[in-house]
Q: 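Handing you a structure now.
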Amino acid sequence: MAGLVLSALGLAGGWTDPIAVPLGPTGGLYWTCDALSALFALVLCAVGATAALDGGPPRLPVAIWATVLTPFAADGFTLVLCFGLAAVASRGADPANRPGIEQAACGVLCLVAMVALLTPPGAPPNLRFAAMRTVSPEGAQATAILLLALLGAASQLAWPARASLQTEPIGAPLPGGVAIASLYVLIRVLLDLCGPAAPGWWGAPLLILGAGGAVLGGLRAHAEDDLLVILGASRMGAAGLTVAGLGAALAARDADAPALAALALGGTLLHVVSYALADLLLTLCAAAAMRGAGTRALSRLGGLIRSMPGVTLGAMAGAASLASLPLTAGFAGRWMMLQSLLALPQTCGIWQQAGIAAVLAAVALGTALAAAAAVRLIGIGFLGRPRTPRTAAAAEPSHRVRLAVAGLAGLCALLGVWPSFVLLLIRPVVARLMDVDGARRLLVIPAQVDGPGYAAPGIAALLALCGLLLAWLARSRAGQEGQRVPAWDGGLDEPPPWLPFGDPATQYSAASASQALLQSLGCPGTPRQARFQVAKQWAGKAADRFCRPGAGGLVGLLLVVVGLLLWGAW
Amino acid sequence: MGRVVSGVASLLLHAALMLVGAPLLAGVQSRVRARLLGRVGPPLAQPWRNLVRLWRKRPVLPGPASWLFEGAPFARLSAVVVAALLVPSFALGMATAPASDLLVLAGLLAFDRCVLALAGYETGTALGGMGASRTTLAAVWAAPTMVLVILLLTTLTGTSNLQAICAALLEVPQGLAIAWLPAAAALAIVGFATARRGQGGPPLASMQDAAALEYSGPALALVVLSEQVRMLVWISLVAALVLPFGLAPAGAGPLAWGVGVVAWVAKVGLLGVAVAVLDTTAAEPAMARVPAALGVAAALAFLAAVFLFASQGLA
């Protein structure tokens, strides 16, 4: 697997002339590596290497290779082949993920139709990216392309299916990797292949859908019990933010504000990179918690900070980044995206301004919900008292896993304190997609070229100084040893001796931690809750329909794809 | 060079003022509360004496608490103090001016809330969990309002840097009362619904107190001090944005600083007393009402933003 990483890193060095491998129906599989490919390949290599850490069934390497190779594709056929293989194989490798395999197949079919729409007319069809860039989509064709690209990405990102809690996850990081790959496909199609010819109105639906996805994903992450489903839901929230960021970039470009578009796109890419790392770290910690403590249900975990200190520290680093707290990897990208949204109203009329204000409020709510979900994940899953005897006897994972956790946590911390370091990698991508050269500042991320901005190293230095001063003060206090006593617990009696970890019923549970927030959307017994339940059931049914379309749905979709292919050829 | 020296000097003076002033403000507020209830009230320096008394006590830790529980008060106070260093009190152009971004400030205050919630869960008690979940609830519903108010300020001044915003508000007379009224109301509701109440009152006087109930001794001193500094940060922020007059401009001399200090003390005293009066005369909103109140705040902030856009479109 080290070889895999090395080869991919070598590839990331970059070449722009596509290499053809004479295979397949369209004259060959073309491979290339531009700045965008290199950026995503780096991230996906990390995912692939982590997924390969503890082996697995024979289908796993196929999924890993397909995921890692997706960003290198240089023609439509290769792109869909790699992505489809990655999507289907990563679902197939893990029995727990099987319910999602039809959903993945639907998404791939959508992408096939999209590629057909993007192919320039003529025989034989030329599927290479260079040819696709000459097509300028308009009208119904543009609508169809946007819809199909979003559906293809959503098949990997939206509404994670609940799996049985009994099965052990295999290749747990892979769904996250495929999600990142689907974001890559989205960015490649919407910003590169459609390029400057992309219609300006694409910004609005992307902003609205993205903000909605961020709120829904955050809410679901706050309500679920299974660690992996929580991570899947927060993946949906993060993808929503990404889509909103792309919408902001497109809207700014449409309004002829290239610097703003570059800020939005840079923030989005930084968000994707930092999110991918945090998600990978948390997935690794969740899998370790499951192996160590025998469950991945929040309602049975607890107290891992004492039995698995290393994993808990790693999970906290990942969750802090997910919660986009300052000085974490997640904050810088979020900061840039929010800055671009804050400046966007200057470029448009009153109706759009009001819409952008609403989107901004929704994005803030989604971010806060993601933070709340991260706090609940750590607070219930890793802190407090163990909720079952099995959890109390949890053991740290193997050295390899601990090393991977430490490495990823270190990378997250580095990105948090010095985010401009990743912007060095992102700048060429932004320069190519938006035709702007971003600001070159090593220590500060500016909102405008010369203006002040987010000075992460400065804030970190101030925080460290304060913390050291306080620690010094505490140390210089008379050397009294701390005394341990039973928790006061509101005056409750000490637990009886046959309950060594206290009465489990007196500790806040996973459900009670999310209750206050969910109740605020509709308290039990009020008409509001009934409405919320109906809406939830309706949304769940629609999502289930998309997840499990059944044979009829698949055939229907196939017919639609064939129709679109015919339309494209005609 | 002179600018750097004056920036560092004003920052040091500002830090001292904030740290000394936060417990004093709490003292003034509890005195006002007591007077309104017909009592004499404690001396103004009582919060300081309480802090010193707590700091000298022997640390006591609840049963299973880990390093996170012990470290949380240090992390919280550090975050709140850094937030306090970013908010201008008497002068602009402090050494932290280039870093004083409003989103960073909001993030630091959110960090404080997250660590508080984690420490609440870490105690493994029902009350700790309840306080943590309620803290999260209030923080989540406050987020949209905060960002909408930042949108308002960014649209007005073209930047989200707090000190640059204050400088711009000082230069340009505020011809935006119509947009400011709902925005100030929204900020007031957020402060009222999320701030810790009843300092020095009985335990569980506030919905968020519960998360920090297991602290005692020196750790409790840090927790209390960080709540007091947080209150002062909020009040100084509102004072700098709504009543920016008296702020010494960047690079001003000691005379302007003196005027600034006097103006800051007057503004903070006025707003602090107003908060105490509101505290005593109005009941704390019931838990179930907090999201609704914060929803109203978000709607007001949205209204303010639309007003501002409309007035800019007309101009």
Q: Does any heavy atom of chain B fall under 4.5 Å from the side chain of L325(A), the backbone, both, or neither of them?
A: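 For L325(A), the side chain is the part near chain B, not the backbone.
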Q: Does any heavy atom of chain A fall under 4.5 Å from the side chain of I150(B), the backbone, both, or neither of them?
A: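 The answer is both parts of I150(B).
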Q: Donor-acceptor check, side chain of R385(A) to backbone of G124(B), threshold 3.5 angstrom: yes or no?
A: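 Yes: the side chain of R385(A) pairs with the backbone of G124(B).
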Q: Looking at A455(A), A357(A), G458(A), A471(A), which makes the most heavy-atom pairs under 4.5 Å with chain B?
A: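 Greatest number of close heavy-atom pairs with chain B: A357(A).
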Q: If you round to the nearest 0.5 Å, how far is CG of L103(B) from CZ of F331(A)?
A: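 That separation rounds to 6.0 Å.
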Q: What I'd like to find out is whether the side chain of L68(B) reaches to under 4.5 Å of the side chain of I305(A), using heavy atoms alone.
A: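 Yes, at least one pair of side-chain atoms sits under 4.5 Å.
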Q: Using a 4.5 Å cut-off on heavy atoms from C-beta on, say whether the side chain of D101(B) contacts that of W335(A).
A: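 In short, these two side chains touch, coming nearer than 4.5 Å.
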Q: Under 4.5 Å from any heavy atom of chain A, what part of A99(B) do you find: side chain, backbone, both or neither?
A: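 Contact with chain A involves both backbone and side-chain atoms of A99(B).
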Q: Between chain A and each of L85(B), L108(B), V104(B), T123(B), count heavy-atom pairs under 4.5 Å; write down the option with the most.
A: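 Looking at each option in turn, the highest pair count goes to V104(B).
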Q: Between E122(B) (side chain) and L383(A) (backbone), is there a donor-acceptor pair under 3.5 Å?
A: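 No.
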Q: If we ignore angles and hydrogens, is there a donor and acceptor under 3.5 Å between the side chains of Q515(A) and S133(B)?
A: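 On atom types as modelled, these side chains do not qualify, holding no pair under 3.5 Å.
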Q: Any idea which heavy atoms bring F111(B) and P326(A) closest together, and the distance?
A: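 Scanning both residues, the minimum pair turns out to be CB-CD, 4.4 Å.
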Q: Please classify the contact of L151(B) with chain A as side chain, backbone, both or neither, using a heavy-atom distance under 4.5 Å.
A: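 For L151(B), the contact with chain A is made by backbone and side chain together.
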Q: Does any backbone or side-chain atom of Q163(B) lie under 4.5 Å from a heavy atom of chain A? Answer side chain, backbone, both or neither.
A: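 Neither part, no heavy atoms under 4.5 Å.
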Q: Counting only non-hydrogen atoms closer than 4.5 Å, does L470(A) touch chain B with its backbone (N, CA, C, O), its side chain (CB onward), both, or neither?
A: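 L470(A) touches chain B through backbone and side-chain heavy atoms alike.
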Q: In this structure, are over 12 heavy atoms from other groups packed under 6.0 Å from R56(B) atom CZ?
A: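 Incorrect, the count does not exceed 12.
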Q: Specify which of G128(B), P218(B), G120(B) makes the most heavy-atom pairs with chain A at under 4.5 Å.
A: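 Looking at each of G128(B), P218(B), G120(B) in turn, P218(B) comes out on top.
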Q: Checking Q353(A) side chain against V306(B) main chain: does a donor-acceptor pair fall under 3.5 Å?
A: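 Side chain of Q353(A) to backbone of V306(B): no pair is present.
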Q: Using a 4.5 Å cut-off on heavy atoms from C-beta on, say whether the side chain of V82(B) contacts that of L465(A).
A: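 Side chain of L465(A) against side chain of V82(B), heavy atoms only: no contact under 4.5 Å found.
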Q: Apply the test side-chain contact (heavy atoms from CB on, under 4.5 Å) to residues V147(B) and V363(A): give CA-CA distance (whole Å), side-chain angles for both, the deciding distance (0.1 Å), then the verdict.
A: CA-CA 9 Å; V147(B) 170; V363(A) 165; over 6 Å; no
Q: Count the heavy-atom pairs under 4.5 Å between each of L86(B), T155(B), T145(B) and chain A, then report the option with the highest count.
A: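 Highest number of heavy-atom pairs under 4.5 Å: T155(B).
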Q: Between A343(A) and chain B, with a heavy-atom cut-off of 4.5 Å, which part of the residue counts as in contact: side chain, backbone, both or neither?
A: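 Neither; nothing under 4.5 Å.
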Q: Do you know which two heavy atoms are closest between A372(A) and V140(B), and how far apart they sit?
A: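 Result for this residue pair: CB-CG2, 3.7 Å.
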Q: With rounding to the nearest 0.5 Å, note down the distance linking CZ in F309(B) to CD1 in I356(A).
A: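 If we round to the nearest 0.5 Å, F309(B):CZ and I356(A):CD1 are 7.5 Å apart.
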Q: Can you check whether anything in residues 309-323 of chain A gets within less than 4.5 Å of chain B, heavy-atom wise, and list it by number?
A: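 L313(A), M316(A) fall under the 4.5 Å cut-off.
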Q: Taking side-chain contact (heavy atoms from CB on, under 4.5 Å) as the test, write out the residues that go with A106(B), two or more places apart.
A: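 Expected list: M146(B).
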Q: Relative to chain A, which segment of F302(B) carries a heavy atom at a distance below 4.5 Å: side chain, backbone, both, or neither?
A: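 Contact with chain A: side chain only.
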Q: Any sub-3.5 Å donor-acceptor pair from Q483(A)'s side-chain atoms to P59(B)'s backbone N or O?
A: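 The answer is no, because no donor-acceptor pair under 3.5 Å joins these two groups.
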Q: Tell me the closest heavy-atom pair linking A143(B) and A368(A), and the distance in Å.
A: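 For A143(B) versus A368(A), the nearest heavy atoms are CB-CB, 3.6 Å.
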Q: Considering only heavy atoms and a distance below 4.5 Å, find which of I378(A), I459(A), L327(A) pairs most often with chain B.
A: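 Looking at each option in turn, the highest pair count goes to I459(A).
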Q: Under the criterion side-chain contact (heavy atoms from CB on, under 4.5 Å), I'd like the reasoning laid out for T125(B) against T506(A): C-alpha separation, chi angles, the key distance, then a yes or no.
A: CA-CA 6 Å; T125(B) 61; T506(A) 62; over 6 Å; no
Q: When only pairs under 4.5 Å are counted, which of A132(B), A110(B), S160(B), A298(B) shares the most heavy-atom pairs with chain A?
A: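 Of A132(B), A110(B), S160(B), A298(B), S160(B) has the most heavy-atom pairs under 4.5 Å with chain A.
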Q: Counting heavy-atom pairs under 4.5 Å to chain B, which of L341(A), T328(A), L365(A) comes out on top?
A: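 Option with the greatest count: L365(A).
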Q: Would you mind checking which part of W67(B) comes under 4.5 Å of any heavy atom in chain A, side chain (CB onward), backbone (N, CA, C, O), both or neither?
A: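 Just the side chain, heavy atoms under 4.5 Å.
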Q: Quick check: closest heavy atoms across G379(A) and L118(B), and the distance to 0.1 Å?
A: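 Taking every non-hydrogen atom into account, N-CD2, 3.9 Å.
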Q: Which pair of heavy atoms, one from L517(A) and one from L137(B), lies closest together, and at what distance?
A: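 Closest approach of L517(A) to L137(B), heavy atoms only: CD1-CD1, 3.4 Å.
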Q: Could you grab the distance from atom CZ of R376(A) to atom OH of Y121(B), nearest 0.5 Å is fine?
A: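 Here the interatomic distance stands at 7.5 Å.
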Q: Between R306(A) and chain B, with a heavy-atom cut-off of 4.5 Å, which part of the residue counts as in contact: side chain, backbone, both or neither?
A: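 Just its side chain gets close to chain B.
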Q: Find the distance between CG (D489(A)) and CG (L213(B)) and round it off to the nearest 0.5 Å.
A: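 One gets 10.0 Å once the value is rounded to the nearest 0.5 Å.
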Q: Among the options T154(B), L222(B), T136(B), T96(B), pick out the one with the most heavy-atom pairs lying under 4.5 Å from chain A.
A: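 Greatest number of close heavy-atom pairs with chain A: T154(B).
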